[in-house]
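First the structure, in the form of structure tokens, and then the observations on it.
Chain A is the first sequence line, chain B the second, and so forth, proteins listed ahead of strands; every chain is numbered from 1.
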2 protein chains.
Amino acid sequence: MRNFVYMLEISQRGQAMPVSPFRKLAPYAEAARLAGKKVYPLNIGQPDIQTPPQLLEALRQADIKVLGYSHGAGTESYRRKLAAYYQQAGIPATMDDIIVTTAGSEAILFALLTCLNPGDELVVPEPFYGTYTAFAIAAGVSIVPITARIEDGFALPPLADFERVLTPRTRAILLCNPSNPTGYVYRRDELQALLGLCQQHGLYLLSDEAYREFCYDGATATSALTLPGGEQHVVVLDTISKRYSACGARVGALLTKNQAVYAAAFRFAQMRISPPGLGMLLGEAAAELPPSYFDETKAEYQARRDLTVRRLRAMPGVSCPVPGGAFYVMARLPVDDAEAFGQWLLQEFSYQGQTLMLSPANGFYQTPGLGRQEVRLAYVLNQADLDAALTCLAEALQVYPGRVVPQERVVELEQA
Amino acid sequence: MRNFVYMLEISQRGQAMPVSPFRKLAPYAEAARLAGKKVYPLNIGQPDIQTPPQLLEALRQADIKVLGYSHGAGTESYRRKLAAYYQQAGIPATMDDIIVTTAGSEAILFALLTCLNPGDELVVPEPFYGTYTAFAIAAGVSIVPITARIEDGFALPPLADFERVLTPRTRAILLCNPSNPTGYVYRRDELQALLGLCQQHGLYLLSDEAYREFCYDGATATSALTLPGGEQHVVVLDTISKRYSACGARVGALLTKNQAVYAAAFRFAQMRISPPGLGMLLGEAAAELPPSYFDETKAEYQARRDLTVRRLRAMPGVSCPVPGGAFYVMARLPVDDAEAFGQWLLQEFSYQGQTLMLSPANGFYQTPGLGRQEVRLAYVLNQADLDAALTCLAEALQVYPGRVVPQERVVELEQA
């Protein structure tokens with residue numbers, strides 16, 4: 001029997017869990033709005049593109065008597081249609097390779113819980129989606145960052161950089177392709193080389209492909225599941241959130257050809273019984289959209305990207321690579337500290353009653369001190385608003401008290 | 001650099017993760033159906049009661065342009081209505097005490113991640129909801145079971161039993177009230193005594209109240225949040241799944257007055273950005289149903305419970321307590337092994353072309369060997385089907401080759 005009084009405490013992981021990097025500036029944005037400023041939200045990947053009306057109509061037409069549990073891996077009907085979508089996209093997934101998840105978030109969590117033990121190491125090129133840190137803490141695993149450089153357009157760092165950090169605890173490499181936050185689209189040869197490393201060292205290759213459909217200039221993204229020899233190593237993490245502008249549906253998927261991984265991930269899926277049923281109905285309608293659906297959306301995003309890059313590069317001291325995919329631009333600004341600048345934009349600055357909210361890049365780097373002059377801009381607003389937001393940024397940089405002499409200009413790489 | 005080849009392995013937690021206890025017999029049920037038998041599913045808490053049409057109508061009426069992310073704790077609009085529901089139920093929760101979760105499952109996971117460190121101990125009266133085991137494995141915590149006895153109607157075991165197992169690693173006690181799988185409704189004095197223990201030893205009291213609205217014979221369930229002195233200790237785990245027969249919506253909630261717990265749980269909620277948006281719309285309509293909505297549902301469940309208990313007790317050698325709530329009955333059967341019996345029912349037996357699927361109770365006990373003669377029956381079918389299923393059970397028990405002389409008959413306690 002316990003003979004002492006123990007105080008109520010929050011768990012260590014609960015204490016370590018970070019405030020979402022996208023939300024750090026949220027209180028200042030709220031205050032700015034209350035003060036009457038118009039705030040353009042370029043901080044978060046919440047597209048303004050309309051959810052395809054067919055999806056919502058499918059929901060309205062659904063004849064539901066009892067909204068019951070589905071199979072733990074998702075309804076057979078949805079998995080069948082989703083498999084057809086993947087096949088059409090050139091990805092050899094059958095319905096038996098798919099576990100429908102509660103958005104990409106749950107796919108990430110299940111993959112970490114399935115493939116890594118507590119204390120194991122996950123290698124991730126930085127800058128990376130800041131929320132990976134939170135999932136790693138929840139799963140008790142350590143992220144080992146490999147720095148990609150803005151000067152290189154955030155291309156995959158040399159393999160030697162990966163080899164150098166491998167330890168007996170390394171279990172997996174995690175990539176986001178096309179990348180959030182950099183927009184970089186990994187080339188097939190880069191992915192194949194990385195898979196080679198995984199084969200050599202017995203590592204999983206976790207591939208977050210949330211932005212698959214958003215590649216520009218006629219390019220397409222290579223799914224890790226299409227790499228020869230990847231069957232046992234690759235776990236794809238996916239979501240319909242960005243693809244169909246349906247972030248609130250919370251429907252994603254985990255895909256793998258590795259049957260042991262599938263079986264274990266499925267047991268985690270059974271734990272929460274089933275994924276969201278209404279979201280799956282939406283997903284079914286989405287999977288039936290013709291591939292041409294993406295043409296219009298892609299053209300719009302590409303126009304926004306071009307606008308964003310053109311305007312950024314016209315600002316003295318600002319530089320950025322041309323992102324080949326997703327809907328983000330990472331830019332280096334001539335400022336002392338991008339987080340302080342982001343806060344100043346909301347607290348101190350306005351131009352014609354307007355300002356903008358951006359994501360300081362330090363939330364995407366794990367190595368302390370990196371990304372201090374970088375920000376991520378999400379081009380998720382219509383072109384008029386985007387243009388107005390970028391005008392605010394240009395005006396702000398001219399008067400920001402913490403302006404500094406810019407570092408060497410980023411070589412203006414265009415992706416092949 | 002790592003100079004050895006490491007094989008791909010599934011994590012230890014992935015290997016430890018159990019197959020859902022509700023699904024163990026599923027392959028046999030599938031085979032029985034393929035063989036042309038009608039199988040009554042009394043194994044899983046999936047109600048056949050219709051989802052209130054108002055909820056689905058609200059969804060059809062919703063004017064959604066962009067199905068976007070919501071606040072991490074759920075939409076303000078839903079949290080406000082949910083708070084009103086709780087107030088009406090006598091539970092003093094405001095919208096700032098509520099984090100909307102992806103069903104009760106996520107509320108359980110967030111509570112464990114927030115309140116316990118890996119290796120910490122969670123005390124749970126057994127038999128308990130089998131899936132708690134899976135969540136404990138995912139969170140890396142150990143469940144310490146305290147056995148409740150069928151002879152006592154599964155009342156709360158004596159406090160001394162709890163005190164005996166406390167160690168420096170004990171962090172929380174988890175209860176399901178009304179209980180899945182026993183149907184027992186904990187009395188206020190039992191809960192108050194348990195809270196006293198939590199206060200004395202600095203423990204959290206996690207209270208799973210998924211079945212709150214289903215109490216029979218005029219009784220009501222006591223929410224742990226209404227216990228004086230519980231503010232810092234109590235975390236309520238809730239869901240609309242059972243309450244409104246909306247298991248597929250995947251909408252639940254975590255409630256706490258402990259601000260440190262709230263803040264940490266909210267950071268876990270931010271990790272997955274937001275709960276299901278369509279489900280929350282459904283939840284809003286549900287929260288607006290008048291309290292009288294439950295009258296009809298409760299009357300139906302009570303009639304089913306009465307039917308189930310009456311029929312079970314009329315079977316020679318079968319005994320069961322009268323459950324005061326939820327929609328489950330735990331019964332002791334005169335069989336050698338309830339799991340073998342459950343499998344035999346599906347593989348070997350049929351009565352007029354029919355048989356039934358039940359949950360062997362060993363999936364609800366952690367202590368090895370307990371519950372060997374017990375099963376859980378979910379009275380989630382209409383009375384005609386339920387009656388037919390129970391006829392199958394009665395016939396089966398007469399011919400089951402593994403029939404044994406019954407143990408002492410359970411005292412037929414009625415709950416006060």
Closest heavy-atom pair and its distance - [X], [Y]:
| X | Y | result |
| --- | --- | --- |
| A:Phe268 | B:Met17 | CE2-CE, 3.0 Å |
| A:Tyr69 | B:Ser241 | OH-CB, 4.5 Å |
| A:Ile64 | B:Leu56 | O-CD1, 3.2 Å |

Part of [X] within contact of chain B (heavy atom distance under 4.5 Å):
| X | result |
| --- | --- |
| A:Leu282 | side chain |
| A:Gln61 | neither |
| A:Pro53 | neither |
| A:Pro18 | backbone |
| A:Ala62 | backbone |
| A:Leu112 | backbone |
| A:Ser105 | side chain |
| A:Ala103 | neither |
| A:Leu55 | neither |

Any side-chain heavy-atom pair from [X] and [Y] closer than 4.5 angstrom?
| X | Y | value |
| --- | --- | --- |
| A:Arg272 | B:Thr102 | no |
| A:Thr131 | B:Gln270 | no |
| A:Arg250 | B:Ile273 | yes |
| A:Lys65 | B:Thr51 | no |

Q) Would one find more than 12 heavy atoms of other residues, nucleotides or ligands at under 6.0 Å from atom CD of A:Gln15? A) yes

Q.
Applying ring-ring contact (aromatic ring centres under 6.0 Å, His included), can you list everything that pairs with A:Tyr132, at least two apart in sequence or on another chain?
A. A:Tyr129

[X] versus chain A, heavy atoms under 4.5 Å apart: side chain, backbone, both or neither?
| X | value |
| --- | --- |
| B:Asp48 | backbone |
| B:Arg60 | both |
| B:Pro52 | neither |
| B:Leu109 | side chain |
| B:Leu278 | both |
| B:Val141 | side chain |

Q.
Looking at chain B, which one of A:Pro275, A:Ser274, A:Gly72 has the largest number of heavy-atom pairs inside 4.5 Å, strictly under?
A. A:Ser274

Q) Based on non-hydrogen pairs under 4.5 Å, which of A:Gly279, A:Gly140, A:Ala139, A:Ala249 is most in contact with chain B? A) A:Ala139

Q.
Please rank B:Gly14, B:Gly104, B:Cys247, B:Gly277 by heavy-atom pairs under 4.5 Å with chain A and give me the top one.
A. B:Cys247

Rounded to the nearest 0.5 Å, how far does [atom2] of [Y] lie from [atom1] of [X]?
| X | Y | atom1 | atom2 | result |
| --- | --- | --- | --- | --- |
| A:Arg13 | B:Arg267 | CZ | CZ | 13.5 Å |
| A:Gln12 | B:Leu116 | CD | CG | 11.5 Å |
| B:Gln50 | A:Leu67 | CD | CG | 11.5 Å |
| A:Ile10 | B:Cys115 | CD1 | SG | 6.0 Å |

**Q.** Under 3.5 Å donor-acceptor, B:Ser11 side chain and A:Thr114 backbone
**A.** yes

